[in-house]
Each structure stands twice: as structure tokens, then as C-alpha cells.
Amino acid sequence: MNLFADIRALVIDSLVTLTAEGVLPEGLDFANVAVEPPRDASHGDMATNAAMVLAKPAKANPRAIAEALSAKLAADDRITVAEVAGPGFLNMRLAPVVWQQVTAAALAQGTDFGKSDLGQGTKVNIEYVSANPTGPLHVGHTRGAVFGDALASLLAYSGYDVTREYYINDAGAQVDVLARSVYLRYLEANGKEVAFEDGTYPGDYLIPLGQALADIKGDSIVDAPESEWLEEIREFATDAMMHLIRQDLAMIGIEMDVFYSEKTLYGTGQIEGAITALEKQGLIYQGTLPPPKGKLPEDWEPREQTLFKSTDHGDDVDRPVKKSDGSWTYFAPDIAYHYTKIERGFDMLIDVFGADHGGYVKRMKAAVSALSAGEVPIDIKLTQLVKLFKNGEPFKMSKRAGTFVTMRDVIEQVGPDVTRFVMLTRKQDAPLDFDFAKVTEQSKDNPVFYVQYAHARVHSVLRKAVEAGINVDAVTLQAADLSGLTHEAEIDVAKKIAEWPRLVEIASRTNEPHRIAFYLYELASEFHGLWNRGNEETQLRFIQEGDDATSQSKIALASAVAVVISAGLGILGVNPVEEMR
RNA sequence: GCACCCAUAGCUCAGCUGGAUAGAGCGCUGCCCUCCGAAGGCAGAGGCCGCAGGUUCGAAUCCUGCUGGGUGCGCCA
């Protein structure tokens with residue numbers, strides 16, 4: 001039940017009626033008519049801009065339209081007041097019964113309250129994490145992982161058919177580096193002195209791999225040339241790394257639907273196929289790119305390459321798909337990979353990249369646009385850096401030195417729930433400060449705690465009610481008579497609950513799961529406020545001694561809050577707690 | 001040099017794809033526990049929404065140009 005959609009439907013109906021009656025001219029477009037909560041609560045429960053939007057095309061005074069609309073709306077039972085304000089706003093006040101109905105709907109639908117068919121089964125592919133299989137996930141990956149996963153859940157909740165996908169970069173030079181690094185560890189396990197020079201991964205996490213290899217191989221390839229072991233060790237090492245990465249992901253509750261290997265694009269004609277598809281459109285040519293303006297790289301010299309005319313699809317310069325030696329650039333298999341997404345029948349693509357891939361966005365969009373004839377939209381979300389702090393002291397990570405902070409480190413210290421929530425309390429394109437001390441603090445300074453606390457308080461009430469012999473099982477609460485919930489403080493909580501479906505819709509349309517986190521904070525705030533008013537005004541307490549029926553209605557409201565919090569946390573991938581410890 | 005992202009209270013950030021007097025938390029000043037958990041709540045002070053133009057009935061939001069910060073810029077992935 002989306003109250004805002006219901007009221008908007010009522011407004012549109014009224015406008016249609018007014019058109020039929022000749023008050024409004026025929027053929028007006030109502031698409032821009034919005035029904036939203038006014039910023040200032042004193043203006044009422046809902047406001048519509050209908051009169052202002054229609055004034056110009058209807059060639060009429062906005063206030064006059066608003067007056068006419070007001071008369072129609074006031075006839076509906078749900079609306080107690082519909083008054084014209086300002087330049088032509090129509091402010092509506094809704095009857096208490098409306099809020100009681102919303103509360104009942106939330107209880108009846110449980111965590112499905114807020115689900116919609118907005119997506120209409122649209123097949124959407126969300127690619128996220130996609131970290132190189134050269135080591136464990138670090139904090140930077142964590143943000144993209146959490147963001148992508150929450151977005152996937154959000155879209156699924158809104159009726160999209162979601163596929164969570166991870167692209168394994170297991171074919172580039174970086175996996176050769178991995179193989180050589182593992183080989184060094186293997187030599188080490190065989191008692192050799194080795195040096196980790198630039199261009200190798202010195203991290204400790206490869207030591208067990210070297211040992212495992214030594215256990216299998218003994219010293220048989222200690223003196224062998226690279227050509228004899230490279231391929232085998234590469235395979236061995238990337239498999240091991242992907243195993244590690246899956247474990248890391250599992251720690252934070254992420255399970256991918258598809259792991260897509262870059263390697264499988266080679267030797268199967270898929271890269272060639274994708275490039276041919278572009279070629280047929282005349283978008284592939286031999287050419288020489290102009291040098292980057294400004295500071296010229298020392299070793300720059302003009303070279304002829306195979307280029308993709310991405311400028312035809314909104315890019316700034318054309319991009320090479322082949323290096324000057326004729327081998328594919330990284331971009332080529334990426335084009336082929338996205339081509340497979342189109343061919344696999346996805347209607348919509350979302351890529352979640354780290355901010356350092358910002359320069360990649362336009363060419364990827366250009367490729368998808370060209371390959372799908374503009375039919376498949378692609379949204380690319382860049383996640384900004386996570387700055388780590390410990391007691392206010394920042395600490396850095398350096399992959400080269402092998403001293404980066406892993407996702408595992410973070411999860412082990414603060415837990416998956418806190419990590420996920422904190423990383424979602426910021427827009428993904430803004431940098432995030434993550435302070436180990438602060439995120440585990442139990443105070444309202446910490447939004448995770450604050451929201452969890454509200455949920456726990458509801459369950460505390462439920463426990464107390466049971467102790468007091470009040471029946472608060474789900475069926476009883478759903479059947480409770482809520483007509484007594486008329487106090488302003490209670491209505492305010494119900495109003496917040498009513499916003500949930502609308503909020504979900506907005507978050508889905510914008511691909512912005514952080515809105516869920518902020519909403520939950522606001523809902524928790526309303527609930528804490530009501531709770532505390534019970535201190536002074538005892539009639540607002542949830543448990544009314546000797547009056548089970550009243551208690552049940554108030555507890556029903558509290559339970560509705562818990563249901564929505566639970567649904568919201570579910571989208572974020574956070575487990576609601578029933579008790580604080 | 002070019003492209004993308006960002007700029008909102010002392011600090012950290014929201015702001016519902018253009019709405020009315022721009023909101024939270026922290027910090028600061030007060031107040032509220034005999035009371036379902038005060039791990040909370042209430043109130044107050046605090047703003048040229050980076051600057052300058054433009055579009056509009058109406059702009060923090062859209063457009064243009066600046067300023068300042070981040071990221072990236074052929075033969076890495």
C-alpha cells in the first residue's frame with residue numbers, strides 16, 4: 001500500500017473529472033503532477049503541485065484550478081481538509097483512519113510492505129566488486145561490494161529481475177605477476193633466498209600458496225624456465241585467489257549469481273565478434289591518437305592503433321582496442337564482456353566501479369550504446385574512497401608494500417552489520433570516513449546503533465507485554481482495533497511508516513540505497529520520540545495496564561515500526577537485533 | 001590542457017530528479033529518570049547552500065562561465 005500513489009491517483013481522477021466537466025481543457029498532460037509530503041508539516045500531510053503545473057498549458061489561474069480541485073478532493077472520505085496556499089499549492093490533511101490503515105497494512109504485509117512492481121520484471125545485471133584475483137579484498141573493495149549488493153537487493157525489492165555478477169580479470173598481465181609472485185614463494189618454500197622486486201606482489205597471503213605448490217611439486221620446477229610453469233601456476237593461483245575472495249564476500253553476506261571469467265572471452269571468438277559488431281557500424285578504424293594535451297609523457301611518440309570511434313557515442317576521444325603490437329587492450333575484452341550482457345538478454349546494466357575508473361565511464365557507455373543500438377541503458381556508479389581512522393589517527397594502505405587493510409580485518413573488528421550500514425550512510429560518490437572506534441560506539445552518534453536500538457526497544461515492549469499476560473502474537477496484533485491511535489505523536493510515527501513505500505520507490509529510481517539508511521534513521525528518531533513522551537504522558541506508553549485492547553493497538557503501531565526497520569535493514573543486508581548487548 | 005565527481009551550520013553529512021520559512025547528528029547553552037531500557041528525549045543559539053550570470057510563477061536543485069578540492073587521461077588492468 002503506497003499511500004502517496006493512492007492519493008496521487010485520487011488527484012488525477014479528480015483532474016479527469018474536471019476535464020470532463022469542462023473546467024480544464026482537453027489533452028492536458030498530468031505526468032508532472034506530484035503528490036508529496038510538504039517540507040513543513042504545518043502545511044498539512046500532503047501537497048500537490050497540480051494547479052501550478054497545469055496553469056500554463058491550461059491558460060488558467062493556478063489558484064482557480066486549485067480551488068476547483070480542492071472541492072473535488074474534499075468529497076473523499078480520506079481527506080479532511082484541502083486548502084489552497086501560496087502560489088497554488090493544494091495542501092491536504094488526511095483523516096486519522098488513513099494512518100491507522102497504513103499501520104495495519106504494514107503489519108499485515110510484514111517486510112513486503114514497500115515492495116512494488118516498479119521494475120516490472122526488467123532484467124537488470126549489476127556488476128560489482130570485480131576485484132582482480134591477485135589478493136584478498138581490501139577496504140576499498142568493501143564499499144563497492146556493500147553498495148552493489150544493497151542496490152541489487154533494493155531493485156529486487158522493487159520488482160526487478162536482478163543478477164549479481166562478478167567479472168574476473170583473469171587474463172591480463174596482472175595474473176602473470178601473480179603467478180611469478182607465487183613462484184617466488186614456492187622457491188622460498190624450497191629453501192631458496194628470493195627478492196620481491198617491483199612488479200611482484202610481496203604480500204604474506206601468498207606464502208601458503210607457495211608452500212602448497214611445494215607440497216605438490218616438490219623441487220621439480222625450481223630450476224625450470226618460466227615458460228614451463230607460468231600457465232599452470234597462473235591457473236593454480238587465480239583459482240586460489242578466487243576461493244579466497246569468495247570467502248571474503250561470504251563474510252559480509254554477499255553471494256554472487258554469476259562469476260564471469262575474462263579468460264573465457266579469449267580464443268572463443270567473442271572478442272573478435274564484439275569488435276566485428278562495431279566494425280559493421282563503421283566504428284572501428286586504424287588511426288593515430290593525438291598526444292594528451294598539456295604535459296607530454298617523456299616517451300610519447302605517435303603510433304598507429306586499432307581504434308573504436310567512441311566519440312560517435314558521447315566520448316571525448318576515440319579509444320584503442322588494440323595496442324600497437326596488435327594485441328588487445330584491456331578495453332577490448334571489456335567490450336566483449338558487456339556485449340555478452342546484452343546478448344544474455346539483460347534490459348538494463350549497472351556497473352559499480354571504484355572512483356579510479358572514472359576515466360572509463362564514457363567509453364564503456366559508448367560501447368554499450370553502440371552494441372545495443374541505444375536499447376540497453378547502462379548506469380555506472382563510482383564508489384569513492386574509504387578513509388580509515390583509528391582513534392582519529394588516519395592509517396594508509398599500500399598494496400605494493402603488502403600492508404593494505406583487508407576487508408577481513410575490518411569485518412573481524414567491527415562485524416558485517418556495522419560495516420555494511422556505515423558504508424551505506426553516505427552517497428556512494430562521496431568519500432567516507434570510517435573510524436573503527438566510532439562505528440562500534442553505542443550512542444546516537446552512531447546511526448547503526450540508533451536504528452538497531454529502536455528495533456530492540458520494540459522487542460523489549462513485546463517481551464514486557466508477554467510478561468504482563470497480554471496477547472501480542474502476530475494474528476492478534478493484525479486484528480487489533482487501531483481507531484484509538486489518534487494522538488499526534490502516534491500519528492506522526494504512522495506517517496513516517498506511510499512514507500516507506502514511496503521512499504523505496506525513489507531510492508530504486510535513483511539507484512541510491514543510502515536513502516534507505518537515512519530513512520531508517522528518521523523512522524527510529526520518530527519512534528524514540530514517542531517512546532520518551534511516554535515518560536511524561538503515561539497514556540502514550542505502549543503497555544496500558546488493565547487495558548489489553550488499548551495496549552494491543554499501541555503495540556501494533558510499535559510492531560509496524562519494527563517491521564519497516566526490519567525490511568529496510570534487510571535491503572541493506574543488516575540483521576536487525578531484538579536485544580542490545 | 002581535457003574529461004568526470006565534489007563544494008550546504010564550527011565539524012561530518014541529508015535535502016525526496018524545480019516547490020513554501022534549507023534539515024539531521026556531533027560540538028555549544030539549558031531542561032527531562034520513583035516512570036515499558038536516559039545506550040534515550042525536549043528546547044535554544046548557529047546559514048550570501050563556493051562566486052557571478054541565466055532559464056522559471058518558483059533554483060541548494062536545471063544551463064553557462066569562473067574559483068577551490070578529488071580522480072583519471074595511447075602501448076596497466
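Numbered from 1 within each chain, the chains take letters A, B, ... in sequence-line order.
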Closer than 4.0 angstrom, basic N to acidic O: yes or no for [X] and [Y]?
{"X": "E235(A)", "Y": "K263(A)", "answer": "yes"}
{"X": "E512(A)", "Y": "K427(A)", "answer": "no"}
{"X": "E505(A)", "Y": "R509(A)", "answer": "yes"}
{"X": "K496(A)", "Y": "D492(A)", "answer": "no"}
{"X": "D176(A)", "Y": "R234(A)", "answer": "yes"}

Any [X] side-chain nitrogen or oxygen under 4.0 Å from OP1 or OP2 of [N]:
{"X": "K362(A)", "N": "C4(B)", "answer": "yes"}
{"X": "K554(A)", "N": "C36(B)", "answer": "no"}
{"X": "Y330(A)", "N": "G74(B)", "answer": "no"}
{"X": "K365(A)", "N": "C4(B)", "answer": "no"}
{"X": "H528(A)", "N": "C36(B)", "answer": "no"}

Mind checking the [atom1] distance from [N] to [M]? Whole angstroms is fine.
{"N": "A60(B)", "M": "A9(B)", "atom1": "C1'", "result": "14 Å"}
{"N": "C11(B)", "M": "G50(B)", "atom1": "P", "result": "14 Å"}
{"N": "G18(B)", "M": "A59(B)", "atom1": "P", "result": "13 Å"}

Taking any heavy-atom pair under 4.0 Å as a contact, classify [X]: base, sugar-phosphate, or nothing.
{"X": "A47(A)", "answer": "base"}
{"X": "F449(A)", "answer": "base"}
{"X": "A85(A)", "answer": "base"}
{"X": "L382(A)", "answer": "nothing"}
{"X": "E536(A)", "answer": "sugar-phosphate"}
{"X": "R457(A)", "answer": "sugar-phosphate"}

Output the single nucleotide from [options] whose closest atom is nearest the side chain of [X].
{"X": "Y453(A)", "options": "A14(B), A20(B), G40(B)", "answer": "G40(B)"}
{"X": "H43(A)", "options": "A77(B), C16(B), A20(B)", "answer": "A20(B)"}
{"X": "D316(A)", "options": "A38(B), G74(B), A3(B)", "answer": "A3(B)"}
{"X": "E36(A)", "options": "G19(B), A77(B), A24(B)", "answer": "G19(B)"}
{"X": "F542(A)", "options": "C36(B), C16(B), G15(B)", "answer": "C36(B)"}
{"X": "Q174(A)", "options": "C16(B), A77(B), A24(B)", "answer": "A77(B)"}
{"X": "R502(A)", "options": "C16(B), C36(B), G25(B)", "answer": "C16(B)"}

Taking it one step at a time, do I516(A) and L424(A) satisfy side-chain contact (heavy atoms from CB on, under 4.5 Å)? CA-CA 9 Å; I516(A) 304 287; L424(A) 291 166; over 6 Å; no
Nearest 0.5 Å please: distance from the CZ atom of R143(A) over to the CZ atom of R420(A). 14.0 Å
Which residue is it: Y128(A), F353(A), Y337(A)? I am looking for the one with a ring-ring contact (aromatic ring centres under 6.0 Å, His included) to Y167(A). Y337(A)
Atom [atom1] of [X] and atom [atom2] of [N]: how far apart are they, to the nearest Å?
{"X": "Y519(A)", "N": "C13(B)", "atom1": "OH", "atom2": "P", "result": "25 Å"}
{"X": "L503(A)", "N": "G15(B)", "atom1": "CG", "atom2": "C1'", "result": "12 Å"}
{"X": "N91(A)", "N": "G19(B)", "atom1": "CG", "atom2": "P", "result": "15 Å"}
{"X": "R533(A)", "N": "C42(B)", "atom1": "CZ", "atom2": "C1'", "result": "10 Å"}
{"X": "K496(A)", "N": "G23(B)", "atom1": "NZ", "atom2": "C1'", "result": "11 Å"}
{"X": "N2(A)", "N": "C16(B)", "atom1": "CG", "atom2": "P", "result": "18 Å"}
{"X": "R180(A)", "N": "C76(B)", "atom1": "CZ", "atom2": "C1'", "result": "14 Å"}
{"X": "I380(A)", "N": "C5(B)", "atom1": "CD1", "atom2": "P", "result": "12 Å"}

Heavy-atom closest pair (Y201(A) atom, S181(A) atom, distance to 0.1 Å) is N-OG, 2.8 Å
Using atom names, set out every protein N or O paired with an N or O of nucleotides 10-12 of chain B below 3.5 Å, distance rounded to 0.1 Å.
{"from": "U12(B)", "atom 1": "O2'", "to": "R426(A)", "atom 2": "NH1", "distance (Å)": "3.1"}

Is the aromatic ring of F518(A) within stacking range of A14(B), meaning centres under 5.5 angstrom and planes under 30 degrees? no
base_contact_polar (C16(B) base, R515(A) side chain, donor-acceptor, <3.5 Å): no
What do you reckon, are the aromatic ring centroids of F434(A) and F389(A) less than 6.0 Å apart? no
Nearest-nucleotide wise, let me know which of R509(A) and N532(A) is further upstream toward the 5' end of RNA chain B. R509(A)
With nearest nucleotide decided by heavy atoms, which residue, P38(A) or E304(A), maps closer to the 5′ end of RNA chain B? P38(A)
Any chance you could list the contact pattern along nucleotides 55-72 of chain B? Use B for base contacts, S for sugar-phosphate-only contacts and - for none, protein heavy atoms under 4.0 Å, 5' to 3'. --S--B----------SS
Which of M92(A), E36(A), R8(A), R93(A) passes side-chain contact (heavy atoms from CB on, under 4.5 Å) with M46(A)? Answer is M92(A)
Only one of I168(A), T134(A), V175(A), L178(A) forms a side-chain contact (heavy atoms from CB on, under 4.5 Å) with M241(A), so which one is it? L178(A)
